[in-house]
Amino acid sequence: MALPGASARFHEYEAAITACIERRALREGRQVHARMITARYRPAVFLGTRLVTMYVRCGALDDARNVLDRMPERSVVSWTTMISGYSQTERHVEALDLFIKMRRAGCIPNEYTLATVLTSCPGPQSIYQGKQVHSLLVKTNFESHMFVGSSLLDMYAKSENIQEARRVFDMLPERDVVSCTAIISGYAQKGLDEEALDLFRQLYSEGMQCNHVTFTSLVTALSGLASLDYGKQVHALILRKELPFFVALQNSLIDMYSKCGKLLYSRRVFDNMLERSVVSWNAMLMGYGRHGLGHEVISLFKDLHKEVKPDSVTLLAVLSGCSHGGLVDEGLDIFDTAVKEQSALLHTGHYGCVIDLLGRSGRLEKALNLIENMPFESTPSIWGSLLGACRVHANVHVGELVAQKLLEMEPENAGNYVILSNIYAAAGMWKDVFKVRKLMLEKTVTKEPGQSWIILDKVIHTFHSSERFHPSKKDINAKIKEIFVDIKAAGFVPDLSCVLHDVDDEQKERMLLGHSEKLAITFGLMNTPPGLTIRVMKNLRICVDCHNFAKFVSKVYEREISLRDKNRFHLLTHGNCTCGDYW
DNA sequence: GTAGGGTTAG
């Protein structure tokens, strides 16, 4: 039996430390700790653990670790508390090291430890450790524990092993909000947006619980799909649920509407927010940029400073907005200021935007100069944007230099050869065109397959190049030929240089007509009433010929066409596009 | 006493 005095002191210290934990009062916590040392009071495991918790919660991890290391005896709770401290501050290596130390010390991890340690295996690079933990928890029978299982499935989802994540999810004896959200967001993060939506619909019909996190993930998936109907429906559901205000959810709505082509709705969400974070502003800026509205980007950027501090993404959004909106001088000004005042925020991406800007305005030598003198290593995408500019401005000299660099960096990318051969073709240098084509056939590999989709009546219709499986294939083929005749009569000339294969011209025309975005546009034209905007999405950048095709369709059939490619929106009306033919 | 899921960009 302990002395009454010791017991009283225990209670006093315990109460004091608990108060510090609740109030996150680090200074006071240190004082209590110091008092204990002066009084030569040696805390046993429980109070020692409380001290660790206090330091962890107050963000003083190194102090916490000091206490842990000096404890004469440690419990599973003391170890777990410390590991969790590391996990939550993304000190994953230390978290895993400590977990190993704990096991070497003979301590048996419990469900708390395992759920925690799995969060310290983030991404594909730590899949090896993650699998080791997995095998441990199979042995200890924790695989189907609710918390451990959802942590495990999230680990697999984040390491891009969505099938394994799904297997774990399907094995859980029950499902709760967190496990459901984790698997849905797993699909969304991997870009499997349709799967995310399907799973949500299934689980929702089975009565799953949802909260703001679930909706945040779901809305992200809908942004990827560009499904305005579903987006509006889910937004309405969110409003009906009367959830408390959550910035991240509102931010995802801003992004979703802008990616669905409804900037006004984005702005409405943005304006109605009780509180905005820098992410809210960034999402809105990106939205304007994606739609080519450079002036709105600049004006919003000015307003932003009154409310939040711009970050690296902000600058990227503004520069890319200026580039897409054609505001060359404004963009260069903003960049110059950033170099002087916020250079710590700048990285390759920002330089890429500026090089794009310079290229767009035809200042190709300057752009080349900036690449060579920027404080970062150049990337293929930067050289690629410059090569595109060389095509637009028909500059063979710089084009050759850039292409040489680019073909060394990524010889397997067919797109680069195509652009270079286009540059030569425009200059009438046919021998060189031929050389490049030959080189391309020898070196390139097949790229990511292009696909386009259109959503009609909440059904997603996906098209691949030279679609062979769509049920309406025959009708689409007939219609596309009809369109071809109509737009040719209006002056459309197929751009055969967009075809990568070495075949005769007639076959080239046929291949061009098989491009997925043309199929989707045609399908839209066939299945929507006159006057309705045709909204088509594509997973890659749109090719010059398809862009031209869409322009002519918008003119000849008097239809507005909204095309969202990988990077931005094209709104085509009366034969013109909001991108100004530069993308 | 200790635990799992979320937003812009890349």
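Order of the sequence lines fixes the chain letters, A, B, ..., with proteins taken first and strands second; residue numbering starts at 1 for each chain.
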Identify all side-chain donor-acceptor contacts of residues 241-251 of chain A below 3.5 Å with residues at least two apart in sequence or on another chain.
from, atom 1, to, atom 2, distance (Å)
Asn251(A), OD1, Ser280(A), OG, 2.8
Asn251(A), ND2, Val247(A), O, 3.4
Asn251(A), ND2, Ser277(A), OG, 3.4

Please list, one pair per line, the donor and acceptor atoms closer than 3.5 Å that link side chains of residues 183-198 of chain A to other protein atoms, with sequence neighbours excluded.
from, atom 1, to, atom 2, distance (Å)
Tyr187(A), OH, Arg166(A), NH1, 3.1

**OP:** Send over the distance from Met71(A) CE to dG1(B) P, rounded to a whole Å.
**Re:** 15 Å
**OP:** Determine the contact category for Val168(A): base if any of its heavy atoms lies under 4.0 Å from a base atom, sugar-phosphate if only primed atoms, P, OP1 or OP2 are that close, otherwise nothing.
**Re:** nothing
Subject >> Test side chain to side chain donor-acceptor pair (under 3.5 Å) applied to Tyr230(A) - qualifying residues, sequence neighbours left out >> reply: Arg201(A)
Original post:
Counting any heavy atom closer than 4.0 Å, what does His145(A) reach on the DNA or RNA strands: base, sugar-phosphate only, or nothing?
Top reply: base
Subject >> Under 4.0 Å protein heavy-atom contact, by nucleotide of nucleotides 4-10 of chain B - B base, S sugar-phosphate only >> reply: BBBBBB-
Atom pairs and distances, donor-acceptor, side-chain atoms in residues 59-71 of chain A, under 3.5 Å, two or more places apart:
from, atom 1, to, atom 2, distance (Å)
Asp62(A), OD1, Arg91(A), NH2, 3.0
Asp63(A), OD1, Arg30(A), NH1, 3.0
Asp63(A), OD2, Arg30(A), NH1, 3.3
Arg65(A), NE, Asp69(A), OD1, 3.1
Arg65(A), NE, Asp69(A), OD2, 3.4
Arg65(A), NH1, Tyr86(A), OH, 3.2
Asn66(A), OD1, Arg70(A), NE, 3.3
Asn66(A), OD1, Arg70(A), NH2, 3.2

Contacts table for residues 283-297 of chain A: side-chain donor-acceptor under 3.5 angstrom, sequence neighbours left out:
from, atom 1, to, atom 2, distance (Å)
Tyr288(A), OH, Arg267(A), NH1, 3.1
Arg290(A), NH1, Ser258(A), OG, 2.5
His291(A), ND1, Gly287(A), O, 2.9

Original post:
Are Asp176(A) and Gln209(A) close enough that a side-chain donor and a side-chain acceptor fall under 3.5 Å?
Top reply: no
Original post:
Phosphate oxygens OP1/OP2 of dG1(B): is one of them under 4.0 Å from a side-chain N or O of Arg57(A)?
Top reply: no
